Enquirer: 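Let me begin by handing over the structure; questions about it come next.
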Amino acid sequence: MQIISTAAHADAAAYLAALAFAERRALHSFFDQHVIEEEPGRYIAIDEGDYDALPMRLIDRVVYTVPGRMSDEF
């Protein structure tokens, strides 16, 4: 059996980890959760509510957005 670890696999794992974090956090937030590529192969999730308005340097690096899922309607 041969196991091949590639940079693409590591990139995908980092992205999926940040995406999972954003999905979990969105369940309990009124604000959108953004997955941002900090540098090649490194992703973080941020809450839009942590910032007044997202600076352009962050907007340019957003790769996925999870809408906030909390609602005041009930």
Side-chain angles (χ1 to χ4, degrees):
M1 181 168 122
Q2 183 178 12
I3 298 174
I4 300 173
S5 178
T6 64
H9 177 69
D11 288 355
Y15 171 75
L16 291 175
L19 179 61
F21 183 78
E23 290 279 349
R24 284 190 311 270
R25 194 168 176 183
L27 294 172
H28 308 286
S29 179
F30 293 105
F31 299 101
D32 292 345
Q33 307 299 308
H34 302 290
V35 176
I36 294 179
E37 185 174 25
E38 283 202 309
E39 57 189 48
R42 184 167 179 226
Y43 299 89
I44 61 168
I46 65 166
D47 188 315
E48 190 172 290
D50 291 342
Y51 300 89
D52 289 334
L54 286 179
M56 189 55 70
R57 64 183 174 78
L58 289 180
I59 292 172
D60 290 341
R61 297 190 327 240
V62 171
V63 293
Y64 191 78
T65 298
V66 181
R69 297 198 176 116
M70 280 190 76
S71 175
D72 282 340
E73 295 183 11
F74 53 97

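No experiment lies behind these values; they were computed from the predicted model shown. All values below were derived from every heavy atom in this structure, side-chain atoms included, with hydrogens, water molecules and symmetry-related copies excluded.
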Enquirer: Under the side-chain hydrogen bond (donor to acceptor under 3.5 Å, both in side chains) test, which residues partner R42, sequence neighbours left out?
Expert: E38

Enquirer: Provide the closest heavy-atom pair for A45 versus A18 in the form atom of the first, atom of the second, distance.
Expert: CB-O, 3.7 Å

Enquirer: Given a cutoff of under 4.5 Å between side-chain heavy atoms of I, L, V, M, F, W and Y, with clusters grown through shared members, what are the other residues clustered with F21?
Expert: none

Enquirer: Check residues 62-69 and write down every donor-acceptor pair under 3.5 Å in which the side-chain atom is one partner and the other belongs to a residue at least two apart or another chain.
Expert:
residue, atom, partner, partner atom, Å
T65, OG1, H34, ND1, 2.8
R69, NH1, E23, OE1, 3.1
R69, NH2, E23, OE1, 3.2

Enquirer: Same hydrophobic cluster for I59 and V35, using side-chain heavy-atom links shorter than 4.5 Å among ILVMFWY?
Expert: no

Enquirer: Under a single-linkage rule joining Ile, Leu, Val, Met, Phe, Trp and Tyr whose side-chain heavy atoms are separated by less than 4.5 Å, which residues share a cluster with L27?
Expert: none

Enquirer: Hey, what do you get for CD1 (I36) to CZ (R61), rounding to the nearest 0.5 Å?
Expert: 6.5 Å

Enquirer: Might you work through the side-chain contact (heavy atoms from CB on, under 4.5 Å) test for I46 and L54, ending with a clear yes or no?
Expert: CA-CA 10 Å; I46 65 166; L54 286 179; 3.8 Å; yes

Enquirer: Using 0.5 Å steps for rounding, measure from the CD atom of E48 to the CG atom of L58.
Expert: 11.0 Å

Enquirer: Report whether L19 and I44 are members of the same hydrophobic cluster (ILVMFWY, side-chain heavy atoms less than 4.5 Å apart, transitive linking).
Expert: no

Enquirer: Give me the atom names and distance for the closest heavy-atom approach of Q33 to A22.
Expert: CG-O, 3.5 Å

